[in-house]
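Below: the structure, in structure tokens.
Here is how names work: the chains are called A, B, and so on, in the same order as the sequence lines, proteins then strands, and each is numbered from 1.
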Amino acid sequence: MDFQLTDDQRALRAGVREMLRRRFGREALRAAAAPGDAAAPGLAAGDAEPALDRGLWRELGAAGFFSLRLPESEGGAELGLPEAVLVFEEAGRVLLPGPLVATHLAAGEVPGAASGETVVTEVSRGLVPWLNAADVVRRDEAAEGGVVRVAGAVPVRSVDPTTPLHRVPEATGPGTSPVGPLLTAAEQLGSAARTCEMAVQYAKEREQFGQPIGAFQAVKHLCAQMLVRAEVARGAVYAAAVTGDVREIAAAALLADEAAVDNARDCLQVYGGMGFTWEADVHLHLKRAWLRAELGWSAGEAEEMLAAAL
Amino acid sequence: MDLTYTAEEEDFRARLRAWLQRVLPKLPPRPAPDDWPGRRAYDLGWQRMLYDAGYAGLHWPVDAGGQGATPTQHLIYLEETERAGAPYVGANFVGLLHAGPTIAAVGTADQRARWLPPVLRGDEVWCQGFSEPDAGSDLASLRTRAVRDGDAYVVSGTKIWTSHAEVADWCELLVRTDPDAPKHRGISWLAMPMDAPGVTVRPLRTLAGSTEFAEMFLDEVRVPVANRVGAEHDGWRVTMVTLSFERGTAFVGEVVACRRTLGQLAAEARKNGRWDDPVLRRRLGRLSAEFGALWRLTQWNVSEAQHQRTGGVPGTGGSVFKLRYSHARQELYDTAAAVLGPDSLDLAREWNLDRLSALSYTIAAGTSQIQRDIVAERILGLPKGR
């Protein structure tokens, strides 16, 4: 047993982090949220939809974001779920926008998905993220398969300014393939780890009563709990990636959703008034975490699945 | 990331499993919970069986008489002994897990030769004299005084939370040898014979009704200077050397046991009809996620320790684990009470005493509040408060 990252996995993570730092830094994130900047109150739904950066999407494709689990004969790297999880964790850290998981799942199935030429999204719980930007709307792979356009889609005023949403008439559940929830859990893990870092950083810099607020136990203990949530979720997500076991993935999704949402909430609290502003990035983490949690397995579904196996 | 065990590790597991199958049926009946002399004899007997089979001091270094096993082998040992229902470390706890490793790390050759073999063979029991009525979380403020008088220290003070004090042969004792130095710098580590004149032990009854702890009153107890391990006034560092040997294995057996209990709770709920309550089902499902993740976190920490092995490095991951585990354990037994309903008021029913003892988990070995300070300051690098 050696449940630690291998040197190759560390190198992969470092490479992806560096690429995203270069290609999707804070300015890019704020640009993605920019339509919402102008939008604030009273804007009609759909009027301020963020654009998907197709150039970046192709670069992600070239870097193997979508193809990394495909066989070499199909242009992939023949890597496994653990590597995919590390890549999606990095995407979650920086709040990389777009239907990343749906396009990854479509690679090898929908032409152009693997290379990043085609943007693929999917329906979940009667909602479709990135409908206007997508070339293909994919159904869950366990369903009929096939590629369909969705009729009767109505724009929704998305809570997450970096993820446009449409409502569709049919009420589809979340997919039955566990790979989607696993990769989403990896994104949630990345976000949870990042908001922990942000809170710690802020608590070291912000001073009140003549000392950094991080010297106060009340703040310190919030930060400690954030780390605990992120690290417990990490153990669950990484192990689920190694075993591929559906129940272990359900547990990972449950813990990672909770870590992402609760850590964003605590980060907001540590930021104090700044946390309530549009300008700080905290709300972007919280809103995306809410969105990912809502479109995946619910806590109740995951808990029932785990209880049934007891 | 690899969760499969190597051929060598599986071989170790298979041999251990076969041995456990052979010897466990030969164990004498377990003594009653409050029969401390009986428990001492039982626990030492088990330690002797481990010694004869070559499993004593599994994780101790070879030059201290141990087996020098890897952290993963130690994990397997704890997992398999729990699964097989083998006795717990019990009265051997302090000797094997704290006093012994401290002497192995810091003691002189004479001290190692005197004290280590009896621990490994199951001849002697150690207890721990660290906490005091006024020195709990702030352990370094301890006030038990040791005054040098010729070749002995004269020790007076009060210790508390001393497990197995009534049946121990030796006590690893922290005393203040320099009252004028800063609090961490005036402490020394002594091995005190429990039969020395002036030692009085009074059992302390816990809220669970048990008497595993005691108070210990020391009235001018003479302890030979030769019994000091490490330099004079250096006892704080001596103690921390061993605490830092934590390799993520502290709760392995308990996590295995909690997962088994969870399965039993589900079976009981299905039997008594409470399974139809979706709120209860979801609580059980969440606990399954929780303990599954804690098991994986254990494997993660053990693998990390395996990589750091050559350095013998402290692991702060233990604090992260303990914070979550102690809370999860309390939630497990609160959920057990929900499964039992009114039967949760009957102490004769399984799990109800465990529910009471679980209350100590967020307090013992560093309260959750202290653990959060440790995580925040040592891992996250937040500044110390005023």
Side-chain angles (χ1 to χ4, degrees), chain A residues 1-6 9 82 85-86 196-197 199-200 203-204 209-217 219-243 247-248 250-255 258 299-300 302-310, chain B residues 1-6 9 72 75-76 262-263 265-267 269-270 275 278 280-290 292-304 306-307 317 319-321 323-324 327-328 368-369 371-377 379-386:
Chain A
M1 181 191 69
D2 187 9
F3 189 32
Q4 290 279 299
L5 300 195
T6 62
Q9 287 167 340
V85 153
L86 292 173
C196 179
E197 289 171 12
V200 169
K204 286 177 183 172
F209 302 100
Q211 66 177 16
I213 59 170
F216 292 106
Q217 282 189 322
V219 173
K220 220 176 247 186
H221 289 192
L222 275 181
C223 294
Q225 284 303 110
M226 291 172 79
L227 184 75
V228 171
R229 277 189 215 112
E231 291 308 300
V232 170
R234 183 184 307 284
V237 170
Y238 287 2
V242 172
T243 65
R247 282 187 292 273
E248 197 147 16
L254 177 68
L255 297 171
E258 193 175 82
E303 285 162 356
E304 287 283 13
M305 197 188 307
L306 291 161
L310 281 173
Chain B
M1 290 187 278
D2 189 358
L3 285 166
T4 54
Y5 293 89
T6 64
E9 287 161 353
T72 304
L75 173 91
I76 292 169
L262 194 55
L265 290 179
R270 286 191 172 100
W275 187 257
L280 178 63
R281 274 203 313 272
R282 286 187 55 177
R283 260 176 105 172
L284 291 165
R286 165 161 294 263
L287 281 166
S288 171
E290 193 71 26
L294 286 168
W295 177 249
R296 295 312 192 186
L297 192 56
T298 298
Q299 291 180 310
W300 181 267
N301 287 341
V302 165
S303 297
E304 188 175 45
Q306 186 117 340
H307 280 276
S319 289
V320 169
F321 182 91
L323 272 168
R324 187 79 168 220
H327 181 77
S368 292
Q369 285 66 35
Q371 298 294 348
R372 288 190 193 103
D373 280 352
I374 291 173
V375 168
E377 289 168 13
I379 304 181
L380 298 176
L382 288 168
K384 282 189 181 295
R386 286 181 295 201

Quick check for you: among A/E248, A/M226, A/E197, which has the greatest number of heavy-atom pairs under 4.5 Å with chain B? A/E248

Between B/A289 and chain A, with a heavy-atom cut-off of 4.5 Å, which part of the residue counts as in contact: side chain, backbone, both or neither? both

Under 4.5 Å, counting heavy-atom pairs only, tell me which of A/K204, A/R234, A/R247 racks up the most with chain B. A/K204

Could you tell me whether the side chain of B/E304 and the main chain of B/N301 form a donor-acceptor pair under 3.5 Å? no

Top residue by heavy-atom pair count (under 4.5 Å) with chain A, among B/R281, B/R270, B/E290, B/R286? B/R286

So, are A/E304 and B/R282 salt-bridged, with charged N and O less than 4.0 Å apart? no

Return the option, out of B/Q371, B/R324, B/Q299, with the maximum number of heavy-atom pairs under 4.5 Å with chain A. B/R324

For A/A299, which atoms come within 4.5 Å of any heavy atom of chain B: side chain, backbone, both, or neither? both

Quick check on A/L255 against chain B: is it the side chain, the backbone, both or neither that has a heavy atom closer than 4.5 Å? side chain

Measure distances from A/V232 to the heavy atoms of chain B and classify the residue's part below 4.5 Å as side chain, backbone, both or neither. both

Whether the A/Q217 and B/D373 side chains hold a donor-acceptor pair (N or O, under 3.5 Å, no angle test) is what I'd like checked. yes

Using heavy-atom distances under 4.5 Å, tell me whether B/T6 contacts chain A through its side chain, its backbone, both, or neither. both

Between A/A250 and A/M305, what is the shortest heavy-atom contact and its length? CB-SD, 3.8 Å

Show the nearest heavy-atom pair for residues B/S319 and B/V375, with the distance to one decimal. CB-CG2, 3.7 Å

Between A/E258 and A/R229, does any NZ, NE, NH1 or NH2 come within less than 4.0 Å of an OD or OE carboxylate oxygen? no

The interface call for A/Q4 against chain B, heavy-atom contacts under 4.5 Å, is both

Is it the backbone or the side chain of B/W295 that comes under 4.5 Å from a heavy atom of chain A, or both, or neither? neither

Correct closest heavy-atom pair for A/L306 and A/L254 would be CD1-CD2, 4.5 Å

Got a second to check how far B/S303's OG is from B/L3's CG, nearest 0.5 Å? 7.5 Å

Check whether B/R283 gets within reach of chain A through its side chain, its backbone, both or neither, counting any heavy atom under 4.5 Å. neither

What residue, out of A/A241, A/C223, A/A233, A/A240, has the most heavy-atom pairs lying under 4.5 Å from chain B? A/C223

Is any side-chain N of the basic residue among B/E377 and A/K220 closer than 4.0 Å to the acidic one's carboxylate O? yes

Heavy-atom pairs under 4.5 Å with chain A are the metric here; pick the option from B/A376, B/P383, B/A266, B/A293 that has the most. B/P383

For B/H327, is the NE2 atom crowded, meaning more than 12 foreign heavy atoms sit under 6.0 Å from it? no

For chain A, the option from B/L297, B/L284, B/L380 that forms the most heavy-atom pairs under 4.5 Å: B/L380

